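Read the structure below first, then the notes.
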Amino acid sequence: MNPLHLVVLAAGKGTRMKSAQPKVLHAAAGLPLIEHVLRTADTVSPSSVVIVVGHQADAVQSAMASRPNVRFARQEPQLGTGHALLQAEQALDGAAGTVVLLSGDVPLLTPATLQALVSRHVETGAAATVLTAMVDDPAGYGRIERVDGRISAIVEHKDASPEQRQIREINSGIYAFDLQPLFGSLKQIGSANAQGEYYLPDLVRIYRDSGLTVETVTLDDPGEIFGVNSRKELAQIGQLLKMTRNDALMASGVTIVDPATAYIGPDVAIAPDTVIHPNVYLEGRTTIGSGCEIQCGVRIVNSTLEDNVFVNSYCVITDSHVASGARLGPFAHIRPDSHVGEDAHVGNFVELKKTTLGRGAKANHLAYLGDAVIGEKVNVGAGTITCNYDGKKKHQTTIEDGAFIGSDSQLIAPVTVGKGAYVAAGSSITENVPAGSLAISRGKQINKEGWVDRKKS
Ligand code: UD1
Ligand code: CA
């Protein structure tokens with residue numbers, strides 16, 4: 001029984017982001033950087049997670065407050081990584097076992113690597129295990145010094161001699177520690193170095209000097225430990241995360257025509273044999289069934305599409321439900337709390353808001369349908385508007401099954417058009433229309449014959 005605890009460092013300033021927002025809250029591939037790290041942490045089922053916050057602590061803390069089992073430790077001021085880990089002492093008071101240290105700005109670390117680090121650390125019984133990597137360009141990183149093949153120290157780039165700078169094995173900044181000697185030893189770290197900081201990597205030398213074992217795990221793919229320091233790196237890491245996500249979706253049977261321009265969030269589910277065209281954004285808790293086609297330029301947020309839905313180009317769908325066989329767009333706007341029924345059609349320049357469109361109903365051109373319940377097989381003509389707002393309150397429009405709304409009609413809510421009723425084109429409907437009747441409400445046409453010639457003479 002070896003309990004596992006995680007500490008995530010997120011107190012640093014992130015100067016190079018040039019941002020008013022804390023670095024770890026910047027999003028890559030639809031999630032804040034630190035959320036990627038915490039999701040990877042979840043895969044090893046830790047018994048506790050401590051996030052060390054400092055710079056803009058309140059913002060980080062409130063963004064992560066809804067996560068279960070997370071505690072926070074404050075680091076104020078930020079005196080280096082060794083000092084940062086020391087701030088978790090109180091939160092881990094009385095705990096035993098292993099603590100793994102992660103950085104909130106290193107989001108590509110895989111669950112497999114995290115598991116490998118923990119396993120090796122536990123199997124060898126080491127006091128510390130350092131995750132290292134061989135890289136072509138080690139500039140900026142701490143270098144791994146070895147004696148007879150065993151790690152003896154980590155030297156920070158700024159403190160390294162020209163010979164030490166030749167070393168290509170670098171410190172990832174990710175470690176596993178045995179909790180027992182950890183906090184006592186952290187207090188021995190000094191700050192007499194190039195940056196005047198308390199360097200966590202100094203622990204390696206301290207452990208070696210006191211005869212404690214330090215192990216290493218060396219990564220095959222150094223790409224996993226890339227951190228985000230700038231907006232450019234944020235974009236690069238976003239691209240890598242997107243590719244990983246899209247590869248997994250394609251492997252599961254989804255066609256992605258151009259994976260470079262398909263932006264599919266981590267909590268989106270897509271069934272096989274759906275086709276995603278270029279420049280599509282699928283966000284939040286969106287679920288898409290099988291056999292759907294999502295044409296170019298579509299954005300779907302927190303919505304459910306059942307099977308065989310066709311979404312033509314440039315539609316925006318938010319917090320809504322689209323039943324199977326429905327066809328949308330191009331240029332349809334489906335706003336929150338809308339429900340498009342089975343085999344219904346929503347055409348170009350049609351906006352739905354809090355509206356239910358019944359099975360087989362059609363609103364094919366230029367319409368605003370807000371706060372409406374529209375029955376099965378209703379035909380909504382071009383230019384129809386539900387006038388739902390009187391300047392103070394929103395009112396409901398009800399159109400019952402099989403009704404026909406002629407083009408360019410205004411339905412002034414609250415109002416009901418009964419089952420099978422017809423509304424003549426160009427009508428302003430202010431009173432309920434009984435089932436089966438025709439409502440007509442428009443100026444009567446007068447033709448003045450010969451009027452043009454008379455005017456001219
Ligand atoms: C650190 C390591 C270096 C390693 C590199 C890997 C040290 C001294 N050096 O360098 O060996 O190669 O990571 O990326 O540890 N942080 C705090 N409080 C602080 C300082 C930092 O929470 O007082 C956090 C930062 O927010 C960041 C992480 O610790 O998440 C790493 O800090 P950073 O300053 O980026 O370390 P590096 O100089 O990159
Ligand atoms: Ca630093």
Side-chain angles (χ1 to χ4, degrees), residues 6-17 19 21-26 32-38 41 50-57 59-61 64 72-88 91 100-109 113 128 130-135 137-145 151 153-160 164-165 167-175 177 186 189-206 214 216 218-219 222-230 233-234 237:
L6 280 158
V7 174
V8 180
L9 296 191
K13 189 152 189 270
T15 313
R16 279 176 285 164
M17 294 298 285
S19 176
Q21 210 193 355
K23 176 164 78 177
V24 294
L25 295 187
H26 281 264
L33 293 173
I34 192 168
E35 181 62 26
H36 286 287
V37 175
L38 293 172
V50 179
I51 303 178
V52 179
V53 292
H55 185 73
Q56 300 209 29
V60 179
Q61 220 166 309
M64 294 296 122
F72 298 90
R74 295 247 175 173
Q75 186 199 18
E76 197 60 59
Q78 291 91 50
L79 301 178
T81 48
H83 178 253
L85 180 53
L86 193 53
Q87 309 313 307
V100 169
L101 184 79
L102 301 173
S103 273
D105 56 359
V106 179
L108 299 179
L109 185 76
T113 298
V130 184
L131 184 66
T132 77
M134 300 298 292
V135 298
D137 178 13
Y141 287 102
R143 307 297 206 283
I144 307 296
E145 283 205 298
I151 185 169
I154 300 176
V155 188
E156 288 305 296
H157 181 87
K158 285 185 177 149
D159 300 275
Q164 287 168 326
R165 288 190 180 181
I167 298 171
R168 286 178 43 238
E169 189 181 8
I170 57 126
N171 172 26
S172 68
I174 294 164
Y175 323 77
F177 299 105
L186 281 176
I189 294 175
S191 61
N193 53 51
Q195 301 187 79
E197 287 180 7
Y198 295 88
Y199 289 168
L200 177 58
D202 281 0
L203 209 57
V204 172
R205 198 184 31 74
I206 291 168
V214 182
T216 55
T218 304
L219 273 178
E224 270 188 49
I225 54 147
F226 283 160
V228 173
N229 291 299
S230 63
E233 288 169 354
L234 182 69
I237 275 179

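Just so it is clear, the structure is predicted and the values come from calculations on it, not from any experiment. Both ligands and their constituent atoms are indexed starting at 1 by order of listing.
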- Query: Are any of the heavy atoms in I170 under 4.0 Å away from ligand 1?
  - Reply: no

- Message: As a check for students: among G82, G140, G173, identify the option with a heavy atom nearest to atom 13 (O) of ligand 1.
- Response: G173

- Query: What atoms of ligand 1 come closer than 4.0 angstrom to any heavy atom of L9?
  - Reply: 22 (O), 24 (C), 29 (O), 30 (O)

- Message: Under 4.0 Å, heavy-atom basis, I'd like to know which part of K13 is in contact with ligand 1: side chain, backbone, both or neither.
- Response: neither

- Only one of N229, D105, V228 clears side-chain contact (heavy atoms from CB on, under 4.5 Å) with L234; which? V228

- G227 to ligand 1, any heavy atom closer than 4.0 Å: no

- Message: Pairing donors with acceptors under 3.5 angstrom, does anything connect the side chains of Q75 and H83?
- Response: yes

- Task: Could you tell me whether some N/O pair between N171 and ligand 1 is separated by less than 3.5 angstrom?
- Result: yes

- Item | Residue pair M64 / E35, side-chain heavy-atom distance below 4.5 Å | yes

- Polar side-chain atom of R168 near backbone of M134 as donor-acceptor pair, under 3.5 Å: no

- Task: Pick, from V53, T81, L200, L131, the option with the minimum heavy-atom distance to atom 31 (C) of ligand 1.
- Result: T81

- Message: Could you check whether any side-chain N or O of N193 sits under 3.5 Å from a backbone N or O of E197, counting only pairs where one atom can act as donor and the other as acceptor?
- Response: yes

- Message: Just to verify, what does E145 make a side-chain hydrogen bond (donor to acceptor under 3.5 Å, both in side chains) with, not counting sequence neighbours?
- Response: Q164

- Message: Checking contacts here: is it the side chain or the backbone of A84 that comes within 4.0 Å of ligand 1, counting heavy atoms only? Could be both or neither.
- Response: side chain

- Item | Student check: side-chain heavy atoms of H157 and R165 closer than 4.5 Å | yes

- Item | Shortest heavy-atom approach to atom 22 (O) of ligand 1 - which of G54, S103, A11 | A11

- Query: Which ligand 1 atoms, with their elements, are less than 4.0 angstrom from a heavy-atom of G142?
  - Reply: 3 (C), 4 (C), 11 (O), 12 (O)

- Assess V52 for proximity to ligand 1: is some non-hydrogen atom of it under 4.0 Å away? no

- Message: Between T132 and E169 (side chain of the first, backbone of the second, donor and acceptor by atom type, cut-off under 3.5 Å), is there such a pair?
- Response: no

- Message: Yes or no: does S172 have any heavy atom under 4.0 Å from an atom of ligand 1?
- Response: yes

- Message: Looking at R205 and I154, would you say the former's side chain and the latter's main chain have a donor-acceptor pair under 3.5 Å?
- Response: no

- Note on the structure: Note: ligand 1 atoms sitting under 4.0 Å from heavy atoms of G80 are 19 (C), 20 (C), 23 (O)

- Would you mind listing which atoms of ligand 1 come within a distance below 4.0 Å of any non-hydrogen atom of D105? 27 (C), 30 (O)

- Message: In this structure, does ligand 1 have an atom that sits under 4.0 Å from one of the heavy atoms of Q75?
- Response: yes

- Message: Would G104 count as a polar contact of ligand 1, with the cut-off being nitrogen or oxygen pairs under 3.5 Å?
- Response: no

- Note on the structure: Counting from 1 in the order shown, the ligand 1 atoms closer than 4.0 Å to a non-hydrogen atom of L79 are 23 (O)

- Just by modelled atom types, is the Q21 backbone N or O under 3.5 Å from a matching donor or acceptor in the S19 side chain? yes

- Task: From the options H83, R143, E156, select the one whose nearest heavy atom is closest to atom 9 (N) of ligand 1.
- Result: E156

- Message: Does any part of the side chain of I237, heavy atoms only, come nearer than 4.5 Å to the side chain of P107, both counted from C-beta?
- Response: yes

